[in-house]
Trainee: 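Here it is: the structure, laid out below.
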Amino acid sequence: MQGAVKHLPYRTRPVWRLSHTAHRALYSVSMKLAAIFLISLCAFAAAPTTDIKVDQAGYLPHSPKLAMVVSHTLAKEFSVRRAGNDSVVLRGRLAEPASDPDSGDIVQEADFTKLDKPGKYYLEVPGVGRSWEFGIGPDVFARAFYLSMRSYYGQRCGTAVDLGPEFPAYKHAACHLEGAYHVSSGKTGPHISAKGWHDAGDYGRYVVNSGISTGTLLWTWEIFGGRLKQVTLNIPESGNGTPDILNEIRWNLDWMLSMQDGDGGVWHKQSSERFCDFIPPEKDTLISYVIGTGKEPYKSSCATGDFAAVMAIAARAYRPFDAAYAEKCLRAARQAWTWLEKYPDVLFHNPPGIQTGDYGDGDCADEHLWAAAELWRSTGDQAFERYFLDHFGAFRKTLKPNAPPDWGNVAPLALWTYALGHGKNAEAVAAIAQDSASAAQQIVERASRHPYRISLTSADYIWGSNGVAANYSLQLLVANALRPDRRFVETALDNLHYLLGRNTFSLSWVTQVGANPYHHPHHRPSAGLPEPWPGLLSGGPNRGRQDAAMRKLPNGPPAKMYLDELASYASNEVAINWNAPLVFVLAAALAGN
Ligand code: G3I
Ligand code: 9MR
Ligand code: ZN
């Protein structure tokens, strides 16, 4: 265009000859229009495609870097371009297509591991399009860590919450300030309603799920604390001399402590009789009941076991910062243990009239073992170690490649804490380390054959499958702590890449993280906001399709059984026990390597 104007000299324009100034003005306007046209053309051509799947947070400089391409054209090549100036920084060939039966996708890998220069990039595949932007750098997961750990502050019950100027509309007034004993609890009258985190998209508080969530976060501190000490979460306690991750965890420990009865037993949950509507927490006026089993001894063994384990870890974690609090936690743990010894098999199921979360585990022997192991690790007392050594053998089989820990299965945590704490019985420690390494090895091998490089099996696409993926990462990272192996860490990061966008939907499953995050979690406080509260992991694909929205979804491959819809609580709710292993793997990734 410029050339065309140039080779028509002014003089040859007889009819509408313009003054020099007018011509310059017209020229400048036409150039601007052309530029706008070209820019909009580029922008149009450059809209990212879901066919190229990247971790939208990014990749660590010295770790493997893969993107997955799913296209019908079966492209051959790809390039990586620098965001901002679009220069090509690397070209490569796509791998042979591989079929993934879990998603039905034909996947080609793009390997750009060689690229280790920090920066912002995107992938381009001729005939397919361009990817969302991602970073390479040692700190690419810092923001995701900050938001996902800070999301617990957003889940706080019993206080006003305000995410501050960065997230102006994200606040709620103090909620659920009054509690009462439900008839099933064995007591009557008012009960204080103290602190805690809302479990998920609902406002219930459940000790079993709080247990594994808080335990996982305390382990995050214990294992990666060196890297986390300085991380501020911008919460009300920030700057008080205690690391913020411990400040946040304490909010929930305080609620758990309030759930212990005078005899040491711990009630299973505190919630309303039914789930409230989609209203902000402070508008929920349903009575918040302490709910028990309905008959003697009213408290449940699984809740009491989890409680004992978590309070024992807390005793270790808070000792350097607040010895009196640590002591209080330890005392509570010991009392819970005593109760558990007396009542090892009291199961919980929702009593009549209660429709909220059940977390009804059919066997509390693993919670018992976890309590013993954590109490031993914190106190060194022989009685706890003896219990552990007498019972751990039966649980060795839980260290397997297709069942990472979850709220109903805490036996692996028991075994690991004994080994991580250098238990006195060297044979037991060696056996646990060996079992863990061998399971991790098998996960690595399975994942390396998976077209998406993830640890999930077809059977793992259950309610909270994204939590399963994150817990595989936890399992691999603990195995790495026991028997260091680079591949364990890399496979753990592969699951993180899956959660942050390298999946069949090209969705980042953490709210407000990445360029293409999911938008509609089943999360009451988020309803009606332009974007959901930040840092929340979606439950993810669920072949069980246990909600009405999902039942309308034609049955298909399990990894596709997901809806980014508010109504889909079985695939798109958020929960503290899924966010916790996400925080764990993000903490591992924080240092960058
Ligand atoms: O483990 C089995 C598996 O072996 C089987 O193949 C599969 C078939 O569907 O089911 C698996 O069990 C499922 C289990 O989750 C897995 O953990 C159950 O069907 C499923 O009903 C169960 O769902 C639980 C759900 O509550 C319903 O009770 C979820 O684990 C649990 O995370 C979820 O928790 C809820 C709380 O109740 C209330 N607050 C929100 C929270 C998150 O959605
Ligand atoms: O909101 C509830 C969610 O937290 C639970 O995980 C889920 C399953 O127990 O139930 C949700 O509540 C729904 C209820 O079960 C059925 N009616 C619709 C409710 C959602 O508004
Ligand atoms: Zn509340």
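For the numbers below, each heavy atom of this structure counts, side chains included, while hydrogens, waters and symmetry mates do not. Both ligands and their constituent atoms are indexed starting at 1 by order of listing. None of these values were measured; they are calculated from a predicted model. Counting begins at 1 with the first residue of the sequence.
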Trainee: For Glu166, is there an ion pair with Arg143 - N to carboxylate O distance below 4.0 angstrom?
Mentor: yes
Trainee: With Arg502 as the cation and Tyr452 as the aromatic partner, state whether NZ or CZ is under 6.0 Å from the six-membered ring centre and within 45° of the axis.
Mentor: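 No, Arg502 does not lie over the aromatic ring of Tyr452.
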Trainee: Regarding Lys397 and Asp435, does a basic nitrogen lie under 4.0 Å from an acidic carboxylate oxygen?
Mentor: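 Here Lys397 does not pair with Asp435 in a salt bridge, since their nearest N and O are not under 4.0 Å apart.
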Trainee: Given atoms NE2 of His198 and SG of Cys175, what angle do they subtend at the Zn ion (ligand 3), to the nearest 10 degrees?
Mentor: 100°
Trainee: With a 4.0 Å cut-off, strictly under, does atom 12 (O) of ligand 1 pick up any protein heavy atom?
Mentor: no
Trainee: Any N or O of Tyr206 that comes nearer than 3.5 Å to an N or O of ligand 1?
Mentor: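 Not met; the criterion fails.
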Trainee: Who's closest to atom 38 (C) of ligand 1 heavy-atom-wise, of Asp547, Asp202, Val468?
Mentor: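 Closest candidate by heavy-atom distance is Asp202.
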Trainee: Quick test: of every protein heavy atom, which one is nearest to atom 16 (C) of ligand 2, and how far off is it to 0.1 Å?
Mentor: Tyr569 OH, 4.2 Å
Trainee: May I ask you to check whether the SG atoms of Cys364 and Cys302 are separated by less than 2.5 Å?
Mentor: yes
Trainee: Relative to the heavy atoms of Trp578, which atoms of ligand 1 are at a distance of less than 4.0 Å?
Mentor: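 By the 4.0 Å cutoff, the relevant atoms are 32 (O), 42 (C), 43 (O).
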Trainee: Before accepting this row, confirm whether a basic side-chain N of the pair Glu237/Arg250 lies closer than 4.0 Å to the acidic partner's carboxylate O.
Mentor: no
Trainee: Look at atom 34 (O) of ligand 1 and say whether a protein heavy atom is found at less than 4.0 angstrom from it.
Mentor: yes
Trainee: Can you tell me which residue and heavy atom of the protein come closest to atom 10 (O) of ligand 2, and the distance to 0.1 Å?
Mentor: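 Here the nearest protein heavy atom works out to Phe275 CE1, 3.5 Å.
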Trainee: Ignoring hydrogens, tell whether any protein atom lies closer than 4.0 Å to atom 8 (C) of ligand 1; use the non-hydrogen atoms only.
Mentor: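 Looking at atom 8 (C) of ligand 1, one finds that no protein heavy atom lies closer than 4.0 Å.
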Trainee: Would you call the rings of Tyr359 and Tyr206 parallel, tilted or perpendicular, taking 30° and 60° as the class edges?
Mentor: perpendicular
Trainee: Is there at least one protein heavy-atom neighbour under 4.0 Å from atom 12 (O) of ligand 2?
Mentor: yes
Trainee: Can you name the atoms of ligand 2, numbered from 1 with element, that are less than 4.0 Å from a heavy atom of Phe278?
Mentor: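 Counting atoms of ligand 2 from 1, those under 4.0 Å from Phe278 are 21 (O).
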Trainee: Please report whether ligand 1 has a polar contact with Asn577, defined as an N or O pair separated by less than 3.5 Å (distance criterion only).
Mentor: no
Trainee: N/O of Tyr359 under 3.5 Å from N/O of ligand 1, yes or no?
Mentor: yes
Trainee: So, for atom 16 (C) of ligand 1, does the protein have a heavy atom nearer than 4.0 Å?
Mentor: yes
Trainee: Tell me which N, O or S atom of His176 sits nearest to the Zn ion (ligand 3).
Mentor: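 Going by distance to the Zn ion (ligand 3), the closest N, O or S atom in His176 is ND1.
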Trainee: Do Tyr289 and Val183 make a side-chain contact, defined as non-hydrogen atoms from C-beta onward lying under 4.5 Å apart?
Mentor: no
Trainee: Could you find the nearest protein heavy atom to atom 19 (O) of ligand 1 and give me its residue, atom name and distance?
Mentor: Gln546 NE2, 3.3 Å
Trainee: May I ask you to identify the nearest protein heavy atom to atom 6 (O) of ligand 1, giving residue, atom name and distance to one decimal place in Å?
Mentor: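 I find the closest protein heavy atom is Ile462 CG2, 4.7 Å.
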Trainee: Does a side-chain N-to-carboxylate-O contact under 4.0 Å join Arg524 and Asp284?
Mentor: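 Salt bridge flag = no for Asp284 with Arg524.
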Trainee: Does some non-hydrogen atom of the protein lie less than 4.0 angstrom from atom 41 (C) of ligand 1?
Mentor: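 It does: a protein heavy atom is found less than 4.0 Å away from atom 41 (C) of ligand 1.
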Trainee: Just which atoms of ligand 2 are under 4.0 Å from any heavy atom in Asp202?
Mentor: 4 (O)
Trainee: Is there at least one pair of N or O atoms, one from Glu573 and one from ligand 1, spaced under 3.5 Å apart?
Mentor: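 There is such a contact, yes.
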Trainee: Protein heavy-atom contact under 4.0 Å for atom 21 (O) of ligand 1?
Mentor: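 Yes, at least one protein heavy atom sits under 4.0 Å from atom 21 (O) of ligand 1.
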Trainee: Is it the case that the side chains of Asn209 and Lys269 hold a donor-acceptor pair, with the cut-off being a distance below 3.5 Å and no angle test?
Mentor: no
Trainee: State, with a plain yes or no, whether a side-chain heavy atom of Leu496 is found less than 4.5 Å away from one of Leu582.
Mentor: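 A side-chain contact under 4.5 Å exists here.
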Trainee: Are side-chain N/O atoms of His519 and Glu565 paired as donor and acceptor at under 3.5 Å?
Mentor: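 There is no such pair (donor and acceptor under 3.5 Å, judged by atom type) between the side chains of His519 and Glu565.
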Trainee: Counting each atom of ligand 2 from 1 as listed, which ones have a heavy atom of Glu573 under 4.0 Å away?
Mentor: 3 (C), 4 (O), 5 (C), 6 (O)
Trainee: Considering heavy atoms of the protein only, find what lies nearest to atom 37 (O) of ligand 1 and give residue, atom and distance to 0.1 Å.
Mentor: Gly357 CA, 3.2 Å
Trainee: Does the protein place any heavy atom closer than 4.0 Å to atom 28 (O) of ligand 1?
Mentor: no
Trainee: Within 45 degrees of the axis of the six-membered ring of Phe505 and under 6.0 Å from its centre: does Lys560 put its NZ or CZ there?
Mentor: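 Relative to the ring axis of Phe505, which defines the angle, Lys560 lies inside both limits.
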